[in-house]
Amino acid sequence: MFNQANLELKPSIRVAILLSIPCIATLLLILAAQIPFIILIILVCLHLTLSYKFISKFALLNTPSSIKVVQITQQHIFLEDKSGQRYLATPLAKNIIHPTFSLLSFDCIKTNNLTAQGDEIEDEFKLYPHSNTEIIHTDTINKNTDLLPYKLINLVHDYISTTFLCNNRRHLFICRYNAVNSSAFRRVRVWLRFKA
């Protein structure tokens, strides 16, 4: 029977170097391109900023949204970020799980209860549904025409945030260099391979 697994992640310079390799390769491609100097400077500044944020979040764990703890119970996965926010997570289908490293993506719901178990989890699902999309019925539009622009703006905002920005998604890069306990890393990897 599976017991609870707690995997703590730590900052790692080795992971930062590993994740910086594609960033450096992309930067070299940008520098080799035949583009105007002003656009080149803008692209380089943008690339360096995004690369720093990427490495800071996934390797150095410097940002408040960096995931520090992965907790797996019999039925649920919880993620906890550096700011202390806890998420109820569902693994996405396209995860890379390898004995050396794992690249994981989760669909997450914020949970306020730090020790929620069992039936309380189902209550969390009811309180925080996966989608923020609001359905507008035609009779509501006809009765409340003054609210239509406001509701349409909210619909567009929710669609963009859930479809493109993926605010409810969390991603992790886990290997032996950033896992505090290699045994917990192995247990998490096995659980995800066979349960997810």
Side-chain angles (χ1 to χ4, degrees), residues 4-24 26-27 44-73 76-92 94-97 101-117 120-121 123-133 154 156-182 184-185 187-189 191-192 196:
Q4 179 173 302
N6 287 319
L7 173 62
E8 292 184 34
L9 301 177
K10 63 182 178 182
S12 172
I13 297 297
R14 290 181 180 181
V15 174
I17 293 170
L18 180 66
L19 294 182
S20 68
I21 292 172
C23 298
I24 293 170
T26 309
L27 180 63
V44 167
C45 290
L46 182 64
H47 182 274
L48 291 175
T49 302
L50 293 176
S51 297
Y52 172 75
K53 288 187 176 186
F54 172 72
I55 293 169
S56 177
K57 182 173 184 175
F58 296 109
L60 302 177
L61 307 180
N62 286 338
T63 65
S65 61
S66 297
I67 300 299
K68 297 277 284 186
V69 177
V70 178
Q71 179 185 18
I72 295 183
T73 64
H76 301 287
I77 302 173
F78 295 97
L79 304 177
E80 188 175 329
D81 62 19
K82 191 175 179 182
S83 66
Q85 179 62 54
R86 194 167 163 86
Y87 301 92
L88 184 59
T90 305
L92 298 180
K94 295 183 179 179
N95 286 324
I96 299 172
I97 301 170
F101 72 93
S102 294
L103 184 59
L104 308 173
S105 297
F106 297 95
D107 215 359
C108 295
I109 301 171
K110 284 185 181 179
T111 177
N112 294 329
N113 191 349
L114 296 180
T115 59
Q117 299 292 331
E120 297 173 8
I121 299 298
D123 295 336
E124 291 288 339
F125 272 113
K126 292 173 188 172
L127 289 173
Y128 302 97
H130 283 283
S131 174
N132 295 329
T133 306
N154 279 342
V156 170
H157 176 267
D158 289 341
Y159 179 78
I160 290 172
S161 65
T162 56
T163 305
F164 298 107
L165 300 180
C166 297
N167 288 333
N168 60 340
R169 296 236 172 120
R170 296 293 179 268
H171 309 282
L172 293 171
F173 181 84
I174 305 172
C175 67
R176 63 181 180 145
Y177 300 119
N178 67 349
V180 172
N181 187 341
S182 59
F185 172 47
R187 289 165 60 83
V188 167
R189 192 176 68 238
W191 191 93
L192 287 169

Of all the heavy-atom pairs spanning [X] and [Y], show the shortest one and how long it is.
| X | Y | result |
| --- | --- | --- |
| T26 | P22 | OG1-O, 2.7 Å |
| I96 | L104 | O-CD2, 4.3 Å |
| N178 | F58 | ND2-O, 4.5 Å |
| F101 | C175 | CB-CB, 3.9 Å |
| I97 | S102 | CA-OG, 3.8 Å |
| C23 | F54 | SG-CD2, 4.0 Å |

Please lay out, stage by stage, how N168 and D107 fare under the test side chain to side chain contact (heavy atoms under 4.5 Å, CB included). CA-CA 6 Å; N168 60 340; D107 215 359; 3.0 Å; yes

Using atom types as modelled and distance alone, determine if a side-chain donor or acceptor of [X] lies under 3.5 Å from a backbone N or O of [Y].
| X | Y | result |
| --- | --- | --- |
| S105 | H171 | no |
| K82 | L61 | yes |
| S20 | I17 | yes |
| D81 | S83 | yes |

pair [X]-[Y]: side-chain heavy atoms closer than 4.5 Å:
| X | Y | result |
| --- | --- | --- |
| L172 | R170 | no |
| T90 | F106 | no |
| I77 | L192 | yes |

Any chance NZ of K10 has more than 12 other-residue heavy atoms, nucleotides or ligands included, within less than 6.0 Å? yes

Could you tell me the separation between the [atom1] atom of [X] and the [atom2] atom of [Y], rounded to the nearest 0.5 Å?
| X | Y | atom1 | atom2 | result |
| --- | --- | --- | --- | --- |
| I13 | I55 | CD1 | CD1 | 10.0 Å |
| S65 | Q85 | OG | CD | 11.5 Å |
| I174 | I67 | CD1 | CD1 | 10.0 Å |
| F173 | L18 | CZ | CG | 4.5 Å |
| L7 | N181 | CG | CG | 8.0 Å |

Side chain to side chain donor-acceptor pair (under 3.5 Å) with Q71: of E8, H76, E80, R86, only one passes, and it is R86

Under the side-chain contact (heavy atoms from CB on, under 4.5 Å) rule, collect the residues that match up with L27, sequence neighbours excluded. L31, V44, H47, L48

